[in-house]
Amino acid sequence: MEKKRVLSGMRPTGLLHLGHFFGALQNWVKLQEDHECFYCIVDYHALTTDYEDTSNLKDYIFNMAVDWMAAGLNPKKSTIFIQSAVKEHAELHLLLSMVVPLGWLLRVPTYKEQLREIKGKDLHTYGFLGYPVLQAADIVVYKAGIVPIGEDQLPHLELTREIVRRFNHFYGNVFPEPEAMLTEVSRLPGTDGRKMSKSYNNSIFLSDPPELMRSKIMMMVTDPARKRRNDPGNPDICPVFAFHKVFSPPEKIVEIDRECRRAGIGCTECKSYLADHVKKRFSDFIDRRNQFASDKRKMEAMLAEGAERARAVASETVREVREAVKL
């Protein structure tokens with residue numbers, strides 16, 4: 001049976017944290033076993049919001065690739081590459097943009113939301129408004145049939161499907177309509193209880209050494225109502241317990257839940273248990289990460305090989321598109 005083609009990517013706008021690992025990377029590693037996977041470091045997309053300062057972009061790209069490899073992505077099973085190394089993404093973005101009505105972009109849910117929420121950056125740019133078209137190009141340049149996403153990203157994929165239908169209406173049946181693969185996202189809170197995000201300065205990064213991971217865990221906020229050691233706690237509202245449910249063995253989760261509610265365990269002790277479980281869970285990952293990070297030339301060669309494989313597919317798609325458009 002022919003493997004279904006998958007496309008997914010991440011923006012290199014900072015270091016990856018535990019939320020990225022459990023929210024995406026684990027799923028990607030599983031998918032590569034029985035799908036034809038293309039995993040792209042989307043550096044053009046990074047420029048849509050971070051165009052003013054690109055001084056760290058290459059470091060973020062390298063660290064992202066290292067994290068992906070340490071998590072278990074395998075260049076023998078998946079095509080792993082940098083977006084800008086495959087120029088066909090940019091050409092197809094341009095050609096698709098010719099047929100996309102402006103109103104479609106203005107109604108994208110995250111467009112006005114991010115204009116309101118992202119402070120200190122001028123996002124009133126063509127690139128930021130048009131990033132969903134670039135996203136569509138990323139997907140259809142490989143004629144990907146499946147895009148793994150969370151439920152909140154469904155409107156973005158539906159826009160890609162609309163763009164495909166409109167392009168095919170004008171120029172013939174060039175692109176298949178990609179389907180969403182809804183993935184279960186494990187939402188880990190940040191150390192302050194909010195969503196884990198580098199902009200909140202509350203992240204535990206995959207590149208953090210074990211001692212730094214531990215110190216961040218020991219500073220995590222807990223149940224705000226539990227002010228003294230002998231106050232009963234409520235694990236249901238405690239960010240530390242949310243981590244225990246991901247990292248700790250089932251019997252320990254039950255014990256922590258019970259002892260917290262009856263004040264049989266203090267927050268410091270609870271965090272220390274968690275730090276031990278996180279260290280154990282990520283010990284192999286950290287070893288692999290150090291190994292990949294120490295050989296930059298090998299990583300660059302792997303990404304270059306991935307780009308060459310991606311380009312072979314993308315160039316054929318763009319050839320078909322140019323023929324269809326009569327260029």
Shortest non-hydrogen contact from A263 toward D231: CB-O, 3.7 Å

Neighbour count above 12 (heavy atom, 6.0 Å) for E33 CD: yes

Geometric class of the F285/F282 ring pair [parallel <30°, tilted 30-60°, perpendicular >60°]: perpendicular

With a cut-off of 3.5 Å and sequence neighbours excluded, list every side-chain donor-acceptor pair involving residues 93-107.
from, atom 1, to, atom 2, distance (Å)
S97, OG, L94, O, 2.6
R107, NH2, E162, OE1, 2.6
R107, NH2, E162, OE2, 3.0

Aromatic centroids of Y131 and Y44 separated by under 6.0 Å: no

Within 6.0 Å of NZ in K252, more than 12 heavy atoms from elsewhere: yes

More than 12 heavy atoms of other groups within 6.0 Å of N201 CG: no

Proximity of H20 and F205 rings by center, below 6.0 Å: no

R228 atom CZ: more than 12 heavy-atom contacts under 6.0 Å: no

Aromatic centroids of F22 and F247 separated by under 6.0 Å: yes

Other residues, nucleotides, ligands: >12 heavy atoms within 6.0 Å of K279 NZ: no

Min side-chain heavy-atom separation R226-C267 under 4.5 Å: yes

Working for side chain to side chain donor-acceptor pair (under 3.5 Å), residues D138 and H45: CA-CA 10 Å; D138 297 335; H45 281 290; 2.7 Å; yes

ILVMFWY cluster, L57 and V42 together (side-chain gap under 4.5 Å): no

K296 to F62, cation-pi by 6.0 Å centre distance and 45° axis angle: yes

